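All figures in this text were calculated on a predicted structure; none of them were measured in a lab.
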Amino acid sequence: MTIAIASDHGGYELKQQIIKFLEENKVSYADLGTYSTESVDYPDIAIPCAEAVARGEYEKGIIICGTGIGVCIAANKVKGIRAALCHDTFSARMSRMHNNANILTMGGRVIGPGLATAIVKEWLAADFEGARHERRLNKISEYENSV
Ligand code: RB5
């Protein structure tokens, strides 16, 4: 499993902390940028990362901006993407178990590295439960495919 990770300038510092966590835990990852705190527009970061996940190049993605909101909105415009903004471990776990989220977004200006790494740990460990949740996700896919 290889994880794509990306951020804008507002999420850059937290991205580097998450990368450190992934390396320490031997999780394979690809850093899709940004590579400094120089200002960039979050859609330019979130959309290519989401597209790479949607194409199946990466199993999951983690995208970080200042609040986690902008990148979540942008990523969810990509067909097949279920991006979840999570700032607590319960939501992170549920976003996998019930929503089969394939992208996790967080805000580097909202939470610190301790909580963020705990969220990533829960999110990577949790599996989709399927069953009734699959039926609900199918309704979203059906809508997505109809427009
Ligand atoms: C950039 O200043 C900031 O707007 C961005 O990181 C993010 O928070 C947008 O949702």
Side-chain angles (χ1 to χ4, degrees), residues 1-23 25 27-128 133-134 136-147:
M1 169 173 75
T2 299
I3 302 297
I5 184 162
S7 77
D8 74 353
H9 56 288
Y12 174 77
E13 300 290 354
L14 184 57
K15 173 168 71 72
Q16 300 314 112
Q17 298 277 353
I18 299 299
I19 284 174
K20 189 163 166 273
F21 168 82
L22 295 175
E23 286 176 352
N25 288 276
V27 178
S28 171
Y29 71 91
D31 182 358
L32 305 187
T34 189
Y35 303 109
S36 75
T37 54
E38 192 177 325
S39 182
V40 291
D41 294 338
Y42 62 82
D44 296 338
I45 294 294
I47 293 172
C49 180
E51 286 179 334
V53 172
R55 284 194 300 268
E57 288 169 31
Y58 305 102
E59 189 180 316
K60 295 183 182 112
I62 298 170
I63 317 180
I64 306 167
C65 65
T67 60
I69 297 169
V71 292
C72 190
I73 292 170
N76 274 316
K77 298 296 179 189
V78 176
K79 195 169 181 177
I81 290 302
R82 294 173 300 278
L85 169 58
C86 301
H87 285 143
D88 66 273
T89 55
F90 177 76
S91 300
R93 192 164 65 251
M94 286 302 127
S95 79
R96 289 287 311 127
M97 292 171 68
H98 288 191
N99 312 112
N100 200 14
N102 47 14
I103 289 189
L104 167 69
T105 77
M106 296 183 290
R109 294 172 182 160
V110 182
I111 54 171
L115 176 55
T117 50
I119 287 168
V120 169
K121 197 173 176 183
E122 290 274 347
W123 191 73
L124 292 178
D127 289 322
F128 181 47
H133 305 296
E134 180 111 57
R136 292 160 186 167
L137 292 183
N138 285 343
K139 291 187 178 188
I140 297 173
S141 302
E142 279 164 23
Y143 172 76
E144 192 174 46
N145 291 327
S146 74
V147 292

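If you take CG on Asp127 and CZ on Arg96, they are separated by 6.5 Å, rounding to the nearest 0.5 Å. Separation of atoms SG (Cys49) and CD (Glu57) is listed at 10.0 Å; rounding is to 0.5 Å. Atoms CG and CD1, on Leu22 and Ile62 in that order, are 5.5 Å from each other to the nearest 0.5 Å. Distance check, rounded to the nearest 0.5 Å: OG1 of Thr89 to CH2 of Trp123 gives 15.0 Å. For the atom pair OG1 of Thr105 and OH of Tyr42, the computed distance is 11.5 Å after rounding to the nearest 0.5 Å. Atom CG of Asn145 and atom NZ of Lys79 lie 4.0 Å apart (nearest 0.5 Å).
Among all heavy-atom pairs drawn from Tyr12 and Thr34, the shortest one is CD1-O, 3.5 Å. Counting all heavy atoms, side chain and backbone alike, Ala46 lies closest to Ala75 at CB-N, 4.4 Å. The two residues His87 and Thr67 come nearest to each other via the heavy atoms CE1-O, 3.3 Å. The minimum heavy-atom distance linking Cys72 with Ala83 is given by the pair SG-O, 3.6 Å.
Counting heavy atoms from C-beta on, the side chains of Asp8 and Asp41 never come closer than 4.5 Å.
Looking only at distances, no side-chain donor or acceptor of Arg82 sits under 3.5 Å from a matching main-chain atom of Ile103. One N or O on the side chain of Asp88 and one on the backbone of Phe90 form a donor-acceptor pair closer than 3.5 Å. Not a single donor-acceptor pair under 3.5 Å links the side chain of His133 to the backbone N or O of Asn99.
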Exercise answer: donor-acceptor pairs, residues 107-122 side-chain atoms, under 3.5 Å, sequence neighbours excluded:
unit_1: Thr117; atom_1: OG1; unit_2: Pro113; atom_2: O; d: 2.8
unit_1: Thr117; atom_1: OG1; unit_2: Gly114; atom_2: O; d: 3.0
unit_1: Glu122; atom_1: OE1; unit_2: Arg93; atom_2: NH1; d: 3.0

Given the rule in the side-chain contact (heavy atoms from CB on, under 4.5 Å) test, do Leu85 and Ile69 qualify, once you have shown the distances and angles that lead to the verdict?
CA-CA 7 Å; Leu85 169 58; Ile69 297 169; 3.7 Å; yes

Evaluate side-chain contact (heavy atoms from CB on, under 4.5 Å) for Ile47 paired with Val78, printing each intermediate quantity in order.
CA-CA 7 Å; Ile47 293 172; Val78 176; 4.2 Å; yes

Does Ile5 form a side-chain contact (heavy atoms from CB on, under 4.5 Å) with Lys15? I'd like the steps, not just the answer.
CA-CA 7 Å; Ile5 184 162; Lys15 173 168 71 72; 3.9 Å; yes

Begin with the C-alpha distance, continue with both residues' side-chain angles, and end with the deciding distance and a verdict on side-chain hydrogen bond (donor to acceptor under 3.5 Å, both in side chains) for Tyr29 and Glu23.
CA-CA 8 Å; Tyr29 71 91; Glu23 286 176 352; 2.4 Å; yes

Can you list the steps and then say if Ser7 with Leu14 is a side-chain contact (heavy atoms from CB on, under 4.5 Å)?
CA-CA 9 Å; Ser7 77; Leu14 184 57; over 6 Å; no

